[in-house]
Amino acid sequence: MDFSAVSSALKAIGELTREVTSLWGVDEQVEGLASELRWMQSFLKVADARKVDHEVIRTSVVEIRELAYDAEDVIEMFALKVASKRKGGFSNCIKRSACFLKEGCLLHQIKSEIEKITARIKELARQLQMYDVSKFEVDGEGPSSSTVRLEARRPYPHVMDDNIVGLDNDVKKLVTVLLNEQSECRVVSICGMGGLGKTTLAKKIYHHSQVVGHFKHLVWIYVSQHCQKRKVWEDILSELLILSEEDRKVNVEKLAKKLSSFFEENKCLVILDDVWNIEAWDSLKPAFSARETKSKILLTSRNKEIVADADKNGFLYELQELDYNQSWKLFQKIAFPQSNSPGYKIDAKMKELGEDIVKHCAGLPLAIIILGGILATKYPSLTEWLKVSANVKSYLNNNKCEVLRDVLALSYDDLPPYLRPCFLYLSHFPEDYEIPVDRLIQLWVAEGIVSSKQEEGDEGQIAEDVAEGYLLELAERCMIQVRERDIATLKIRSFQMHDLMRDVCLSKAKQEKFLYIADQSNACQLSTIGRVRRVSAHKFFWIQCIKSPRLRSLLFFDEFLPREEMDKFLPLTIQSYIKNQYELHIPLICFLALFAWTVLATKLRGIWKYMFNNFNFLRVLDYERGGAAGCKLPNYIGKLIHLRFLRLRGLDFKSSKLPSSLGNLRCLQSLDLRIESECSNSIHVPNVLWRMQQLRHLYLPEECNRKTKLKLGTLRNLQTLVNFNTKNCHVNDLINMTNIRELEIRGPFNIEDFNTKELDKNPPIIQSKYLYSLSIINEEGRIDPSHLAHLLLSCENISKLRLDVEIRRLPEYHYLSSNLAYMKLRRCKLGEDPMPTLAKLPYLSMLELHEEAFIGKEMFCCGQAFAKLESLSLKELNFLEEWKVSEGAMPCLRRLEIQKCRQLKKLPDGLRFIATLQELKIESMPKTFKDKVEEGGEDFCKVRHVPSIILQDCFW
């Protein structure tokens, strides 16, 4: 159940009550509200712990969340409009006295709102008592729908599946691991999302002839979500035929000892099917504690974390989705039962429909089996197949596919309370969307999904770190599919959801009224729904359809106003006239164009005005694709005082000036100002950002105009700062940013009053010990090498460095962080070979030298150089003629790319000694160079051991 809303409201009250004087006038009401909220939180925890699943409970949870949101809104309004103005000295008192009547009215309004919310909570409590919730566990719809789901899908090892495809290689690999007695691996784990076939694979291993011949005893135990160790241990003893009546009476310690001794004396394979969490394994492992044993354990799970906990030498096998060919083969076996008959030919139209249906299953065997089974019952009716093909999504969600839904829903049922809103939040994103982690985490934090209790935990983790841990847990539970990892830190950078897991996410979000997904087809329904908190717009619609004044978040994944909507402002006849008569009637054409622009500007202004006047409690406003957004960003944006997340990236305004009312948004945590302007390449940002002292992530425009001069020294919570430069900002402000983690400098960087003779006399520029990524980009000028060296000296913990600026000389080794794992040099125009310096970096794993990073003729990698380097990319080094690599250099290199280095004569001889090299990519190189690398060429002997050699666009 979703505790985050209540926790967030209690956090707001807690922050307010730290300053006792600020509560004057509403102290009793706030205290009463906090008490009721704590009651709600307790109710949610009890209901979740008992796994109560009843319509009354589900409705109550939605109502509780709504009440918590209302409470948080009114408390924050008091904090921003009343309490904040009670701070300060005599001058502030004078200002307040002038607005005494206004403050009194506002105080009365807030007091009344709090009392109404408290009354609603008490009424909800009365209703729950009337329905006697305590009996639901026994007399309601059942103890838990997840319990019923688990029992329904209980596997039996003797029941073998006939429809198995694509597991032969998996079986072979796992059997080899299990039979290897020389290995210290005792626990083998098969992991993957629900429906992938983990249990089916385990059954094939259980019945495999080599396994049966190797182990003296084989035991199959179904563990499930509700693990009871005594029952599991007794079941194992029973399977081994050594369970006595006395065993049923002794304590669990003696049972564990008996099992451990038996496994030590006998060679056994114990298969633990469906182990859900580390706690379940921890409770069971005393029975498997024998050290000197040849027994093995094979477990299946949706949670990858268990393996590391179960055995430090354990083997994790991640089961993958079927590829298309395997999926089609499995589908044929089920949907076309006669396909094995001699001479049988599948109808061409049915084959086409079947192939399309298979794509919707996205490689999930259970989905293919279920849909194939439905179609088999309708064979050979082409009409029925057409119906299924046209409504695949609905068939995957109807009662016949209940098994599939239940299997995937079990993963959601098993989520701890703090992960459920995180998972539900993923329903905001469109199908097949690759979700960027940085943005998602900022959204989670802005929405209060990461609660203050975790943020202020014993480990002192900031909210972003906690959120990152939550995301990793979702990945470990196989509920998301990782697509990209950070080069230096290996943290997740982007991920996707399996289509069917996303369907579960959408279903749960709809059931819990978590959000509303809108487009033109259903936007009109929003006008009839009075209480919507989150809207995700996958396609454009007119936001005037939204009638909910308490809206908290708006995410747009389409352009601000798509072209096809703009075309509707002018009748087709006028558009055709403009196109065909342009040269004949220029004055009329100009008038029509001006008329069209006026109508368009009015429409765009209407969108902004409606939003800023009606959604005053908005916390998240996110534009994904930008687009034409009107003359300018309206001043009304200052009304959205509750905003935490504002992303305007890519929005195109006529005016290049941002409004000063942005300074009113003092709750902002994430601000992206990378807008565009038709009238200018540079944007004017008013000097108001210093007021946003809660700001954590700031993205400035790529180019600010010369009038922009920002003071950022008050932003002590800043973690991300992009497009900083010393033309528009003050370099000394960086000193105050003690939490900065990612810094991107774009444009000039000069240190004022810099002592060039005695560098150590200059104060350090960066005081943050958390900075891990530094980028310096300047397309027009260069950076003083001594200024760069001094900056790098204060960045002692960075693991990523990108220099895209002319420096002529690489700073000496002692200026570079020894933690560097990724480094990119571009347009640096280094005259000296950088390799001797870079080779000393002990953890450098990826190096990119691009576009005149080096303008010398020779480059040399000596022995023992680049001990950890795994990837090297050389692009557009136009003067490089010879590259030497001695034996022993780059011993871990896996990937090498050479592109547009047109003076390079040949591959270095030393590549023959790099046994780890897996991929060599040669692109846009002279044909003579390509001929040398190809089989039979003089350089082929240097790389003949490389499995993948890619030669691309080498024609001239």
Salt bridge (Lys or Arg N to Asp or Glu O under 4.0 Å) between R647 and E624: does it pass, once the steps are laid out?
CA-CA 8 Å; R647 185 170 182 255; E624 162 81 5; 3.6 Å; yes

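- Looking at R649 and D622, no side-chain N of the basic residue comes within less than 4.0 Å of a carboxylate O on the acidic one, giving no salt bridge.
- A salt bridge is defined here as a Lys NZ or Arg NE, NH1 or NH2 lying under 4.0 Å from an Asp or Glu carboxylate O, and D414 with R477 meets this definition.
- Remark: R619 engages E72 in a salt bridge, criterion side-chain N to carboxylate O under 4.0 Å.
- Closest approach of L771 and S773 over heavy atoms only: CD1-O, 3.6 Å.
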Yes or no on side-chain hydrogen bond (donor to acceptor under 3.5 Å, both in side chains) for Q669 and R696, after CA distance, side-chain angles and deciding distance?
CA-CA 5 Å; Q669 297 172 353; R696 300 157 96 90; 4.9 Å; no

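- In terms of the salt bridge (charged side-chain N to carboxylate O under 4.0 Å, His left out) criterion, E321 has no residue partners (sequence neighbours excluded).
- Nearest heavy atoms, L371 versus C361: CD1-SG, 3.6 Å.
- Using bins of under 30°, 30° to 60° and over 60° for the plane-to-plane angle, the ring pair Y425/F514 lands in the perpendicular bin.
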For W608 and F560: C-alpha separation, side-chain torsions, deciding distance, then whether ring pair (Phe, Tyr, Trp, His ring centres under 6.0 Å) applies.
CA-CA 10 Å; W608 287 116; F560 189 88; 4.9 Å; yes

Evaluate R741 against E468 for salt bridge (Lys or Arg N to Asp or Glu O under 4.0 Å), listing each step before the verdict.
CA-CA 14 Å; R741 295 181 166 205; E468 203 170 86; 5.9 Å; no

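- Checked against the 6.0 Å centroid threshold, Y433 and F557 count as a close aromatic pair.
- A salt bridge is absent between E512 and K508: the closest approach of a Lys/Arg side-chain nitrogen to an acidic carboxylate oxygen does not fall below 4.0 angstrom.
- Under the salt bridge (charged side-chain N to carboxylate O under 4.0 Å, His left out) criterion, E63 pairs with R120, R531, sequence neighbours left out.
- Contacts of E476 classified as side-chain contact (heavy atoms from CB on, under 4.5 Å), with partners at least two apart in sequence or in another chain: N303, K304, E305, L472.
- No more than 12 heavy atoms of other residues, nucleotides or ligands lie within 6.0 Å of OH in Y770, so this atom counts as exposed by the packing criterion.
- When L506, L500, D499 are each tested for a side-chain contact (heavy atoms from CB on, under 4.5 Å) with R502, only one passes: L506.
- Heavy-atom minimum distance, L673 versus P701: O-CG, 3.3 Å.
- K800 has a carboxylate O that lies under 4.0 Å from a charged side-chain N of D486, or vice versa, which qualifies the two as a salt bridge.
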Using the rule given for salt bridge (Lys or Arg N to Asp or Glu O under 4.0 Å), can you reason through E484 versus K491, listing the C-alpha separation, both sets of side-chain angles and the distance that settles it, and then say yes or no?
CA-CA 9 Å; E484 186 182 0; K491 292 178 180 178; over 6 Å; no

Under the salt bridge (Lys or Arg N to Asp or Glu O under 4.0 Å) rule, what do R533 and D73 come out as? Steps first, then yes or no, please.
CA-CA 12 Å; R533 297 290 181 172; D73 287 343; 3.7 Å; yes

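- A distance-only check finds no donor-acceptor pair linking the side chain of E434 to the backbone of D432 [under 3.5 Å].
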